[in-house]
Amino acid sequence: MAQFKPVNVLFSDRFMDHDTGGGDHPESPKRLTSILRSLQSGPLKDQIRIIEPAQADKDLILSVHPKDYLMRFEEACLSGRETFGHSDNRICYETFEVALLAAGACKQAVDLAEESNGEVTISLVRPPGHHAEKGMPLGFCFLNNVSLAAKYWQKRYNRQKIFILDFDAHHGNGIQEIFDEDPSVFYASIHEHPTFSFPGTGYEDETGTGSGEGFTLNVALPPGATDSLVLKALKERIEPALEKFEPDCLVVAAGFDGHEADDMSGLAYSTGLFGHIGSFLAVWAQRYCQDRIISILEGGYNPDFLGPSVEMYLGGLAVEI
Ligand SMILES: [Zn+2]
């Protein structure tokens, strides 16, 4: 029997209060229910520690997003509007506060990674974040949780070199935009080719700008891509970049919508692939950055497969090596 490390899960019932209008909006509270159900009934159940996060203060948010954007977002929620920026981006009265709480959960994940001794930490948050640019909401995202965590890690703990791996089916245009010119944060993403997929960015020739040139790596997979192409990319593209960059910490944008049963992408990953991704990351975290790693939930929209996929991922990360 495999031995699992403790798994810290930053989660609040308040994340359910971000109401995307019910009906058939894919980014629904059911996603988190699915994950918790799997984690609390499967092989990791004795290792899971649920931790209630505290809201982030606005200063943290301002490390990524401009003040006027934050004000527009708050105003849109409090004035009772149902969308912000684009009709996909459903909001409710509670959304602003819930988004601050999600950001707080990502900040706290960093604290846990610093304080714990190699435990696994994941922030199971809504709304997701990787499409949110500095001044623009997109793709159900309002605040860029992963970028906020990276900035916090640098500022609070003076860990200057952060490597972000984003394995969501979609390119994290927001993370790329935020760190495009920043050589201290390496953004690597494996996603469905932008010709076929939202948001239309993440071509392989997008490699960073100015002093950030060479610190962005986009691996664009063809529609229908299965596990083997991801495993090949992890071994042949991502690990060499990681090794060369010598990061102090790893932040993972963990999206599960590349699953073959998830109709938000044309990718065809198995549930088991997420376990392999977790295993790769566990080895890399130990080898390159003294187990300083956090994961933050991004996409994953088929509730029947999201829970098992997250469980598989965490199992891979948490196996004692
Ligand atoms: Zn996605």
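Numbering of ligands and ligand atoms starts at 1, following listing order.
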Which atom name does His170 have for its N/O/S atom nearest to the Zn ion (ligand 1)?
ND1

State plainly whether the residues Glu311 and Arg37 are in salt-bridge range, i.e. N to O under 4.0 Å.
no

Can you list everything that forms a side chain to side chain donor-acceptor pair (under 3.5 Å) with His130? Sequence neighbours excluded, please.
Asp166

Identity of the N, O or S atom of Asp257 lying closest to the Zn ion (ligand 1)
OD2

Counting backbone and side-chain atoms alike, is an N, O or S atom of Asp168 positioned under 2.8 Å from the Zn ion (ligand 1)?
yes

Quick one: sort the Tyr313 and Phe167 rings into parallel, tilted or perpendicular, breaks at 30° and 60°.
tilted

Give the intermediate values and the outcome of ring-ring contact (aromatic ring centres under 6.0 Å, His included) for residues Phe256 and Phe274.
CA-CA 8 Å; Phe256 299 85; Phe274 298 109; 4.9 Å; yes

